[in-house]
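The block underneath contains the structure these notes are about, expressed in C-alpha cells.
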Amino acid sequence: MAERGEASGELQRHLQQLGEQFAARLNQELPQLADKAQLLLRACTPDEQQQHLNGLRDQLHRLAGTAGTFGFISLGERARELELQAEQCLASLQLKQQGLQSFIDNLQQLAGQQYRVEPASDDPPVLPRSGRGDRDEQCIYILEDEASVGENMRLTLSNFGYHAEHFTGVEALDAAIGRRLPDALIVDVNLQDSEQTGLTYAAGLQRRLDRPLPLLVISTQDDFATHLEAVRIGATGFFTKPVDIPQLENRLERCFAQQQGEPYRVLIIDDDRELASRYSLVLRDANMLVETTQDPADIFQRMREFNPEVVLLDVNMPGCTGPELAQIIRFNDDWLRVPIIYLSAETDIARQMNALMMAGDDFVTKPLSDNALITTVFARAQRARLLSNALSRDSLTGLLKHADIKEQVAIELERARRSGNRASVVMLDIDHFKKVNDNYGHTAGDNVIRALANLLRQRLRRIDSLGRYGGEEFLAVLPDCLPEQAQRILDEIRERFAELRFIAEGAEFTVTLSAGIACTDIDCSPGELLERADRALYAAKNGGRNQVRQAG
Ligand SMILES: Nc1nc2c(ncn2[C@@H]2O[C@H](COP(=O)(O)OP(=O)(O)OP(=O)(O)O)[C@@H](O)[C@H]2O)c(=O)[nH]1
C-alpha cells in the first residue's frame, strides 16, 4: 500500500548502464595492471621499484573503492588485499625480492581473472525518503463517532487547507482507506457503537500498512494507560476533549514538516566520474538534489550557487586531497553548518582520524551499499537542516526571522524588475491581540500566532516567502502575483482565520486579522515598498479591522 524504498525501474536501467561502463573500464584497467606488474618486475633499482609500487598502490586503492560499489565484490576485496601488500612492499626499506615477486604474481593473477557482478547481501527494504518536493493538499481522515465534534474538526482542518474527511464508524473509514490512503489519521479512543476502540482499530490498520501512518489520538480519558497504548501503536499526538483544534493542527503540521520539506541538496566531489554518477543516481532516486564535480577548483562556485546541505568528498584526488579541500571549505564561515563526509577506500583508522582532525565530520568507507549511502547522507542532511532552521527561523512559528524576510523583499523586488513580472508584498497583523493575551493568557496568544503561521504556510504557494516580522505581525512576499490576486488570496485567508475556534481557560474564542498589500508596479526601494504595505495595513486597522487593503 505505502511507498517502498525499492529502486525504481528507471534507476535500475541507469545503474545498469553505469555498471556496463565500469565493466568496460575494467577491460582496459586490468590488462594495464598486468603491464605495470611486468614493468615492476623489470625495474632494476629500488627507486624505480618504489615509483611503480606507488602508482600500483594508488590504482589498487581506487579499484578497491569502486569495484565493490558496482557489484564486483570479490575484485574489490582482492584489490584491497593487494593494496595492503603494495603498502608492505613499500614499507620495507630494503625491498625484499621475495615479497615483491609474490605481489607481482598476485597482481598478474588478479589482472588475468574474469569478474562478474555479485548480488549485495545487506540493505533493509525500507529507506528514508527526502522531502516530496511539492505541497499537495494533505488528506486527513477523522474517526469520531460524535457527529458534531467530528464535523467541527473536519471544517476547521479544511479551513487550514487540508482535505479532511470525517467518519462516524470503522466500516466507512475502512472503505475510504481502501480507495485512498490518507496522509494522517485522527482517531477517537471511545467509539460507542463499535466492538473495538479507536486504538484497537488503528493498531490493526498500522499492522496492515507497509509504513505506519502519522496518527493522532483524541480521548476523553487522560490516564497514563491510554497514553501508553497510544504510544505503542505509533501515535504522534494525544489530545483530550474538548480538543483545541489549532493545537492539533500544529501537531499535524509538525508531522508533515519533514515529508513536505525541500529535497536535501548534496554536492559530490569525486574524480571518478562513474562512481560520482552512481552515487548521484542513487541519491536522486531517494529524492535528493545532487550535483557532482570532478574538479576541486569548482568548489567556490558550487558552494555559492548550489548551496549544498551535505558535501561528499573523495579523499584521494589529483591536485588536491579531500582533507585539503575540506579545510578550504571551512575557511568560509558561511559554510560552517555544511557537514562534510569523506567517501573513501581508506581503511586505515589512523589515516581516517588524520583526515577528520584536519576538517570534515564523518568518514565512510567505500565500497558502501546504496542504502548505507542514502541513510548516511539523509541523517546528516536532516540534522544540518534542523540546526540551520533552529538558527535562522523563528522558534515559535518556524517562519523566517525579521531580517531574512526583509531581505526576501529586496530579492523579489530585484527579480520583478528583471523579469517585468509583478510581485506583491503583504503585511499582516492580528487584531486586538493584546486582548487575547490579557483575557486568555500568553500561552493562548502564542497558540494564535502559531495557528496563523500554519494557516499561511498551508494557503500560500511554495514559491512565496513568509516571515514573522514582529510579535503578532507577519510579512509575506508573493512573486508573480498581481495585487488583485493577492487581495483574493488574503481575503480567503482572513475569512478562514476568523472561523478558527481557539480554546483557553475553558472558553472558546475567535480572532481576526488585518492586512495591507503593496505591489512592485510602482518603482520604489524595498524600504518604500514595505512602508506602502504598512500604510495599507494601518488603513485596514483604521477602517475597522478584519479586512485587507491595497496600498494607494
Ligand atoms: N503571546 C504573545 N504575545 C505577543 C508576542 N509578541 C508580541 N505580543 C503581544 O502582542 C500585543 C500587540 O499589541 P498591540 O501592538 O497593542 O496591538 P493589538 O492589541 O494587536 O491591536 P491592533 O493591532 O491595534 O489591532 C502586545 O500585547 C504584545 O505583548 C508573542 O510572541 N506571544
Side-chain angles (χ1 to χ4, degrees), residues 156 160 239 243-251 253-254 257 389-406 408-409 425-460 465-477 486-487 490-518 527 529-552:
T156 311
F160 270 106
F239 299 86
V243 177
D244 182 336
I245 305 175
Q247 272 214 27
L248 177 136
E249 193 280 331
N250 194 48
R251 187 60 60 97
E253 172 84 25
R254 251 171 46 198
N389 282 349
L391 292 171
S392 67
R393 299 214 162 231
D394 169 56
S395 58
L396 180 65
T397 60
L399 301 184
L400 293 176
K401 287 181 181 168
H402 181 91
D404 292 321
I405 186 65
K406 245 179 116 174
Q408 212 53 40
V409 173
V425 165
V426 187
M427 197 84 91
L428 297 100
D429 189 279
I430 302 172
D431 295 330
H432 297 306
F433 189 62
K434 190 171 176 312
K435 281 194 198 150
V436 174
N437 278 335
D438 292 348
N439 296 343
Y440 306 102
H442 203 268
T443 311
D446 282 357
N447 276 344
V448 173
I449 291 178
R450 222 182 280 124
L452 178 55
N454 290 353
L455 179 64
L456 289 166
R457 240 194 309 257
Q458 285 288 334
R459 288 279 156 185
L460 296 180
S465 309
L466 193 54
R468 189 171 174 205
Y469 199 61
E472 20 68 271
E473 205 171 13
F474 295 78
L475 183 62
V477 188
Q487 177 83 38
L490 263 297
D491 262 325
E492 192 195 313
I493 290 173
R494 181 184 56 79
E495 284 166 18
R496 305 275 180 183
F497 184 63
E499 284 169 22
L500 296 182
R501 301 175 120 71
F502 297 94
I503 297 174
E505 317 214 323
E508 227 181 56
F509 64 96
T510 55
V511 191
T512 59
L513 66 79
S514 301
I517 300 170
L529 189 61
L530 283 170
E531 258 174 47
R532 287 176 51 226
D534 199 30
R535 278 202 298 275
L537 169 62
Y538 190 74
K541 292 270 182 188
N542 272 344
R545 296 181 173 79
N546 191 19
Q547 54 190 273
V548 181
R549 289 280 180 104
Q550 301 277 342

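Start at 1 and go down the list; that is how both ligands and their atoms are numbered.
- For ligand 1, the polar-atom distance check finds no N/O of K435 at less than 3.5 Å from any of the ligand's N/O atoms.
- Ranking protein heavy atoms by distance to atom 23 (O) of ligand 1, first place goes to K541 NZ, 2.9 Å.
- At a cut-off of 3.5 Å, with distance as the only test, a side-chain donor of D431 or S514 sits close to an acceptor on the other residue.
- Of the protein's non-hydrogen atoms, the one nearest atom 31 (O) of ligand 1 is R468 NH2, 2.6 Å.
- Under a 4.0 angstrom heavy-atom cut-off, R450 registers as lying outside contact with ligand 1.
- Annotation: the span from T397 atom OG1 to D446 atom CG amounts to 10.5 Å, rounded to 0.5 Å.
- The R545 neighbourhood of ligand 1 comprises atoms 22 (P), 24 (O), 25 (O), with distances under 4.0 Å to a heavy atom of that residue.
- The two residues Y440 and A507 make their nearest non-hydrogen contact at CE2-CB, 4.2 Å.
- Residues R450 and L396 share a closest heavy-atom pair of CG-O, 3.3 Å.
- Shortest contact from atom 3 (N) of ligand 1 to any protein heavy atom: N437 ND2, 2.8 Å.
- Protein heavy atom nearest atom 32 (N) of ligand 1, with residue, atom name and distance: D446 OD1, 2.7 Å.
- A side-chain contact (heavy atoms from CB on, under 4.5 Å) with Y469 is found for one member of L399, L530, L400, D394 and no other, namely L530.
- Every atom of ligand 1 with a heavy atom of G445 under 4.0 Å away is listed here by number and element: 1 (N).
- Scanning the protein heavy atoms around atom 16 (O) of ligand 1, the nearest turns out to be K434 CD, 4.3 Å.
- Side-chain contact between F433 and N437 is present, with heavy atoms from C-beta onward closer than 4.5 Å.
- Of all atoms in ligand 1, numbered sequentially from 1 with element shown, those under 4.0 Å from a heavy atom of D431 are 25 (O).
- Close approach to G471 involves these atoms of ligand 1, each under 4.0 Å from a residue heavy atom: 6 (N), 7 (C).
- At a heavy-atom distance under 4.0 Å, no atom of T443 approaches ligand 1.
- Electrostatic pairing of R494 and D491 counts as a salt bridge here, judged by a charged N lying under 4.0 Å from a carboxylate O.
- Here the protein heavy atom with the shortest distance to atom 17 (O) of ligand 1 is E472 OE2, 4.1 Å.
- Scanning the protein for heavy atoms near atom 4 (C) of ligand 1, the closest one is F433 CE2, 3.6 Å.
- Contacts of I430 with ligand 1, taken as heavy-atom pairs under 4.0 Å, involve the backbone alone.
- Of all heavy-atom pairs spanning V436 and F509, the tightest one is CG1-CE1, 3.9 Å.
- Residues T156 and R501 form no side-chain contact, since every pair of their non-hydrogen atoms from C-beta on lies 4.5 Å or further apart.
- Inside a 4.0 Å radius of atom 14 (P) of ligand 1 there is not any protein heavy atom.
- Donor-acceptor pairing under 3.5 Å is lacking for the side chains of Q458 and N454.
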